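Report on one structure; see the data block that follows.
Fair warning: this is a prediction, and the values are worked out from it, not measured in the lab. Just follow the structure's listing: the first ligand is 1, and inside any ligand the first atom is 1.
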Amino acid sequence: MRTKPKILKADKAAIASAIAVLEAGGLVALPTETVYGLAADATNGAAVARIFEAKGRPSFNPLICHISSLEMAERYGEFDEAARELAGAFWPGPLTIVVSLAQTSDAHDLVSAGLKTIGLRHPQGIAADLIEAFGRPLAAPSANRSGKISPTSADHVVDDLGGRVDLILDGGPCSVGVESTIVKVELGSVTLLREGGVTRQALEDVLGSKVAMHSGANIEAPGMMQSHYAPSASVRLNADTVEPNEALLAFGSELPKGWQSARATINLSETSDLLEAAARLYGALRALDASGARSIAVAPIPETGIGAAIKDRLRRAAAPRDA
Ligand code: TXA
Ligand code: MG
């Protein structure tokens, strides 16, 4: 049994330690602009399998393959004009592009969970520096137990995964705070698999056409499963009152009736700034959950811009749970 994870400040000096762990087939939790990822060498099957084990994640769910350049991305996926346009506009950044797997890919089959496609993302900051120095892509889902709230600080990773990870790079709070937007590019057409850090409007502005939600019958992303991102407390959306023994997730200057009796209150943004709200969302859900409230009342939040991703996550947090 491993004990406590090693934690290092996420700076250039930590990169050599992270590479040593990755070379040995270990797991490194690392900050990205969206959420913390749980990373392994994408070409090492045993290392990738450890990700599924540490998360308790069903292995039919594919992982995002993180790369540090378009050139690296094109070794793993087939990029057409639309995919290149999106990469050019949003990388490095919070956009994952799902494309056909390239023949030259040496990513392990587990990364794509046997699909003929691969999800690629070029993250910002230390994560990209690490991938560049490592020279190979990193498979990395969010660094939380499967179905739970994604981590936006190193403390969240310690709470969720503790000794299941070999090294945690602490880069402070994530700036975006919700996961990447996922698009699928196939036969020149772009569909949305998951709302996230890049707004649908921003995608449409670059492509010059509407982007529809993907309408496949199959669940293509676990983030598309109904119950996901779930705290232990139940979640009640669009609350205009706070009921006994509830905690309050507020937004803006107007508070729901009965706010004085809330077991705990966190305001995502007193000035109704959606970017601030996204960055604070997961930390707030965790803190309200820890208050012991039976339910979290969530004030109305507009669905414009990144509000769409916030509402998507909250709806899944509020969805009926499996036993
Ligand atoms: O911001 C993010 O995307 C974070 C950071 C760490 O990069 N990662 C993240 O990973 O949220 P994860 O595994 O929690 O969610 C990735 C989603 C999953 O829902 C997965 O099913 C989907 O991406 N995905 C990955 N590869 C795919 C593929 N080939 N086809 C369809 N969906 C795919
Ligand atoms: Mg996740």
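Ligand-side atoms of ligand 1 in range of Val35: 4 (C), range being under 4.0 angstrom from any heavy atom. Interface atoms of ligand 1 facing Thr34, defined by a heavy-atom separation under 4.0 Å, are 1 (O), 2 (C), 4 (C), 5 (C). Ligand-side atoms of ligand 1 in range of Ser142: 8 (N), 9 (C), 10 (O), 12 (P), 14 (O), range being under 4.0 angstrom from any heavy atom. Of all atoms in ligand 1, listed by their number and element, those nearer than 4.0 Å to a heavy atom of Leu193 are 31 (C), 32 (N). Near Ile64, the atoms of ligand 1 lying under 4.0 angstrom from a non-hydrogen atom of the residue are 3 (O), 8 (N), 9 (C), 10 (O), 16 (C), 23 (O). Residue-ligand proximity, Ile182 to ligand 1, at heavy-atom distances under 4.0 Å covers atoms 17 (C), 22 (C), 23 (O). Listed by atom number, the atoms of ligand 1 under 4.0 Å from Glu179 heavy atoms are 1 (O), 2 (C), 11 (O).
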_Show, in sequence, the C-alpha distance, side-chain angles and deciding distance for Ile126 and Leu30, and conclude whether the side-chain contact (heavy atoms from CB on, under 4.5 Å) test is met._
CA-CA 8 Å; Ile126 186 90; Leu30 79 185; 5.6 Å; no
*Evaluate the criterion salt bridge (charged side-chain N to carboxylate O under 4.0 Å, His left out) for residue pair Glu303 and Arg315; output intermediate values, then yes/no.*
CA-CA 12 Å; Glu303 294 196 36; Arg315 266 195 291 272; 3.3 Å; yes
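Atom CG of Asp129 is separated from atom CD1 of Ile15 by 5.0 Å, given to the nearest 0.5 angstrom. Atom NE2 of His214 is separated from atom OG of Ser189 by 9.0 Å, given to the nearest 0.5 angstrom. Atom CG of Leu22 is separated from atom CG of Leu167 by 8.5 Å, given to the nearest 0.5 angstrom.
Thr34 and Arg121 are linked by a side-chain donor-acceptor pair at a separation below 3.5 angstrom, with hydrogens and angles left out of the test. Judged by distance alone, the side chains of Thr271 and Asp273 never bring a donor and an acceptor atom under 3.5 Å apart. A side-chain donor from one of Ser295 and Glu246 sits under 3.5 Å from a side-chain acceptor of the other.
Salt-bridge check for Arg136 with Glu23: passed, with a basic side-chain N closer than 4.0 Å to an acidic carboxylate O.
Of all the heavy atoms of Leu63, the ones lying under 4.0 Å from any atom of ligand 1 belong exclusively to the backbone. The proximity of His214 to ligand 1, defined as any non-hydrogen pair under 4.0 Å, does not occur for either the backbone or the side chain. Residue contacts with ligand 1 for Ile118 involve N, CA, C or O but no side-chain atom from C-beta outward (heavy atoms, distance under 4.0 Å). In Thr117, the parts holding a heavy atom less than 4.0 Å from any atom of ligand 1 are both the side chain and the backbone. Of the heavy atoms in Arg194, only side-chain atoms (C-beta onward) come closer than 4.0 Å to ligand 1.
Of the N or O atoms in Thr96, none lie within a sub-3.5 Å distance of an N or O in ligand 1. Taking any N or O of Lys55, backbone or side chain, none lies under 3.5 Å from an N or O belonging to ligand 1.
For the pair Phe90 and Thr181, the minimum side-chain heavy-atom distance is 4.5 Å or more.
Not one N/O/S atom of Ser146, from backbone or side chain, sits under 2.8 Å from the Mg ion (ligand 2).
Residue-ligand proximity: Lys184 is placed with every non-hydrogen atom at 4.0 Å or more from ligand 1. Residue-ligand proximity: Asn61 is placed with every non-hydrogen atom at 4.0 Å or more from ligand 1.
For atom 26 (N) of ligand 1, the nearest non-hydrogen atom from the set Gly196, Ala140, Pro62, Gly37 comes from Pro62.
In this structure, the side chain of His66 engages the main chain of Leu138 through a donor-acceptor pair within 3.5 Å.
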